[in-house]
Amino acid sequence: MSLLRALASTSGFTLLSRVTGLIRDMIVTASFGASGLRDAFEIAFQLPNMMRRLFAEGAFSQAFVPLLGRTRASEGDAATKQLIDRVATAQCIALIAFTAVGMLFAPWIVLLFASGFQAVPGKVELTAQLLQLMFPYLIFVSLVALSGGILNTWRHFAIPAFTPVLLNISMIAGAIWVAPKLANPIMGLAWGVVLGGIAQLALQVRPLMKLGMHPSPDFHLRDPAVIGVLKAMGPALLGVSVAQVSMLINTNYASYFGEGSVSWLKTADRLMEFPTALLGVALGTVLLPSLSRAASKNENTEYSALLDWGLRLTLMLALPAAVVMATLGEPITAMLFERGKFTAHDVAQTNWAVMAYAVGVLGLIAVKILAPGFYVHADLRTPVKISIVVLIVTQIVNALLVFFVVPAPQRHAALALGTSVGALVNATLLLRGLRARGHYTPRAGWLSFTLKILVALMVLVAVCLLGRDKLGPWSGVSELSRVTKLFALLAFAGGAYLLALFAMGFRLQDFKKQS
């Protein structure tokens with residue numbers, strides 16, 4: 001199977017997910033603006049999302065997917081089905097218990113992670129109500145991650161990549177049709193989240209049944225494989241939780257920065273997630289099964305070649321994404337969100353955070369490729385140690401920026417810049433670790449490859465800056481004008497970058513890689 005084709009397929013569905021996600025955010029920002037209501041929803045939605053990243057897409061996937069691949073390769077489908085049944089049963093029991101506790105203690109959880117909300121009467125209570133309603137989403141989306149891991153192991157990448165679209169559609173429906181009918185409209189978004197989680201899980205059922213790998217109850221919870229997954233989750237959980245702790249510290253900071261600060265930061269975060277999901281998540285998803293198979297067969301040369309292929313694509317695609325965010329953040333934000341209750345002031349404040357996130361795009365994407373390089377070798381301790389270092393660095397940078405460097409109106413952007421610095425440090429340390437252990441040896445030609453990329457980037461920067469200044473202003477003008485000018489500029493800038501690469505000898509077939 002061509003990895004480039006698999007990447008294109010996965011990225012295509014991920015693009016659809018991100019496009020519908022942007023439509024969702026456009027509707028939400030127009031309906032609620034950067035308000036206290038939206039701040040409350042963002043905090044409440046972040047907490048089950050954080051748990052999802054810890055227990056589903058994060059630690060669980062890192063522990064479960066490599067074991068699943070090894071079991072299938074060495075013991076066959078029958079043993080793999082038994083593993084799936086027993087792990088899924090244990091996961092369901094844990095999720096139900098955790099969700100019950102989370103709903104019970106929701107008010108105290110909000111006080112812990114958004115203590116600044118106490119300054120606004122009723123804001124903590126509203127956030128707790130939203131959290132209680134949305135916490136069951138954790139159950140559904142965690143089982144979606146389990147199902148996605150199974151399908152990806154069988155090299156069915158499309159359905160797992162498509163499922164987030166259903167969440168976006170459900171939230172759009174909640175904002176448009178449910179919210180206006182409720183006494184507190186923001187609750188309509190929360191109902192959209194819960195129903196979206198149910199829809200995502202329902203979509204996975206038929207593909208799993210066709211494979212004969214749909215989970216069934218099996219209460220042999222002391223099975224060595226189940227215990228092995230739990231043991232493997234320990235270091236992975238610590239590693240992923242470090243990043244989530246950093247995110248929660250940032251959120252708590254932002255809760256003190258005044259109404260709208262959380263919303264500005266989250267809106268910028270959505271824009272940052274567009275390239276990181278399209279490239280980083282898609283590349284990581286496509287590479288993990290191939291890396292796991294190469295590692296299990298001790299094919300060190302192939303393993304290193306896979307990483308090299310992923311890193312070259314990352315450099316070629318992540319850096320132009322960062323340039324576009326840094327130079328065209330205001331036009332993009334204005335085009336997507338400046339309508340309804342989201343004002344020109346909100347656009348300007350969001351753009352500060354977008355530019356700060358642009359600094360770390362390369363690191364954020366590279367981590368998605370480099371971290372699996374440790375997981376498939378059952379080395380979870382090294383990424384954990386690196387994550388702890390990154391947490392310390394990120395929070396030191398945050399404190400320096402917030403208290404000594406960045407002026408008060410832009411303090412939310414300081415948090416985004418701290419995240420970017422941490423991502424670059426993370427990627428650098430992971431790369432050093434892989435090279436030190438002999439897992440990755442760069443192939444010949446990196447210097448000339450990088451220089452050619454930099455030349456093409458200079459062309460891209462020039463086109464973006466010239467077009468931004470000549471075609472402006474971008475805020476306070478008609479939507480048709482913004483859309484027309486921005487799409488023309490993006491098309492011209494993208495074409496100029498690709499043409500520069502082509503002129504220096506880059507060809508699509510050079511990046512084809514068989515799994």
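Numbers for residues simply follow the sequence, beginning at 1.
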What is the distance from atom CZ of F342 to atom CZ of F32, rounded to the nearest 0.5 Å?
14.0 Å
Separation of M325 CE from N351 CG (nearest 0.5 Å)
9.5 Å
Between S448 and G445 (side chain of the first, backbone of the second, donor and acceptor by atom type, cut-off under 3.5 Å), is there such a pair?
yes
Is any side-chain heavy atom of F162 closer than 4.5 Å to a side-chain heavy atom of Q200?
no
For I386, the option from V384, V389, V390 that meets side-chain contact (heavy atoms from CB on, under 4.5 Å):
V390
Is any NZ, NE, NH1 or NH2 atom of the basic residue among R443 and D308 found under 4.0 Å from an Asp or Glu carboxylate oxygen of the other?
no
Under 3.5 Å side-chain donor-acceptor pair for N252 and S115
yes
Run the numbers on V324 and Y497 for side chain to side chain contact (heavy atoms under 4.5 Å, CB included), then give the verdict.
CA-CA 11 Å; V324 169; Y497 177 72; over 6 Å; no
Look only at the side chain of H412 and the backbone of K266, and say whether a donor-acceptor pair between them is shorter than 3.5 Å.
no
Quick one: does any side-chain atom of R468 pair with a main-chain N or O of P331 as donor and acceptor, under 3.5 Å?
no
Side chain to side chain contact (heavy atoms under 4.5 Å, CB included), that's the test. Do L265 and F257 meet it? Break it down for me.
CA-CA 11 Å; L265 192 60; F257 294 166; over 6 Å; no
Report the C-alpha distance between F41 and F45 in whole Å, list the side-chain angles of each, state the deciding distance to 0.1 Å, and finish with yes or no for ring pair (Phe, Tyr, Trp, His ring centres under 6.0 Å).
CA-CA 6 Å; F41 172 80; F45 188 35; 5.6 Å; yes
Hey, does the side chain of K485 reach the backbone of P473 with a donor-acceptor pair shorter than 3.5 angstrom?
yes
Test item: side-chain donor near acceptor, E42 and S263, under 3.5 Å:
no
Is the shortest side-chain N to carboxylate O distance from D39 to K123 below 4.0 Å?
yes
Nearest 0.5 angstrom please: I249 CD1 to Q395 CD, how far?
4.0 Å
Please work out whether the ring planes of W264 and H345 are parallel, tilted or perpendicular, with thresholds of 30° and 60°.
perpendicular
Give the intermediate values and the outcome of side chain to side chain donor-acceptor pair (under 3.5 Å) for residues T419 and N250.
CA-CA 9 Å; T419 298; N250 287 0; 3.3 Å; yes
Got a sec: does the CE of M458 have more than 12 other heavy atoms crowding it under 6.0 Å?
no
Has R312 got its NZ or CZ under 6.0 Å from the middle of the six-membered ring of F449, at an angle within 45 degrees of the ring axis?
yes
Between A353 and A413 the two heavy atoms that sit nearest each other are N-CB, 3.8 Å
Atom pair CG (D269) and CD (Q46), whose distance is rounded to the nearest 0.5 Å:
8.5 Å
Have S31 and R38 got a donor and an acceptor in their side chains that come within less than 3.5 Å?
no
Donor-acceptor under 3.5 Å (S481 side chain, S478 main chain)
no
Heavy-atom closest pair (N168 atom, G21 atom, distance to 0.1 Å) is ND2-N, 3.2 Å
Short side-chain donor-acceptor distance under 3.5 Å, T267 and D25
no
Donor-acceptor pair, distance only, cut-off 3.5 Å: does the side chain of S170 make one with the backbone of L167?
no
Answer yes or no: are there more than 12 heavy-atom neighbours, outside K385 itself, under 6.0 Å from its atom NZ?
no
Can you tell me how far apart CG (L370) and NE2 (H439) are? Round to the nearest 0.5 Å.
12.5 Å
Where the side chain of D346 meets the backbone of T343, is there a donor-acceptor pair that is under 3.5 Å apart?
yes
Residue pair A500 / V459: nearest heavy atoms and the distance that separates them:
CB-CG2, 4.3 Å
Can you tell which of I332, T333, L336 makes a side-chain contact (heavy atoms from CB on, under 4.5 Å) with T350?
T333
Minimum heavy-atom separation for A371 to L430, with atom names?
N-CD1, 4.1 Å
Distance from I369 atom CD1 to L306 atom CG, nearest 0.5 Å?
11.5 Å
Applying side chain to side chain contact (heavy atoms under 4.5 Å, CB included) to W474 and L486, what does each step give before you reach the verdict?
CA-CA 9 Å; W474 298 92; L486 183 58; 3.9 Å; yes
State whether the side chain of T314 and the backbone N or O of G310 hold a donor-acceptor pair below 3.5 Å, judged by distance alone.
yes
Evaluate side chain to side chain contact (heavy atoms under 4.5 Å, CB included) for L415 paired with R411, printing each intermediate quantity in order.
CA-CA 7 Å; L415 304 176; R411 286 180 300 180; over 6 Å; no
For the residue pair E338 and S475, confirm or rule out a side-chain donor-acceptor distance under 3.5 Å.
yes
Where the side chain of S304 meets the backbone of Y440, is there a donor-acceptor pair that is under 3.5 Å apart?
no
Nearest heavy-atom pair of F113 and L47: which atoms, and what distance?
CD1-CD2, 3.5 Å
Is the shortest side-chain heavy-atom distance between L315 and W446 below 4.5 Å?
yes
Give the minimum heavy-atom separation between A175 and L189, together with the two atoms involved.
CB-CD2, 3.7 Å
Is any side-chain heavy atom of M272 less than 4.5 Å from a side-chain heavy atom of V354?
no
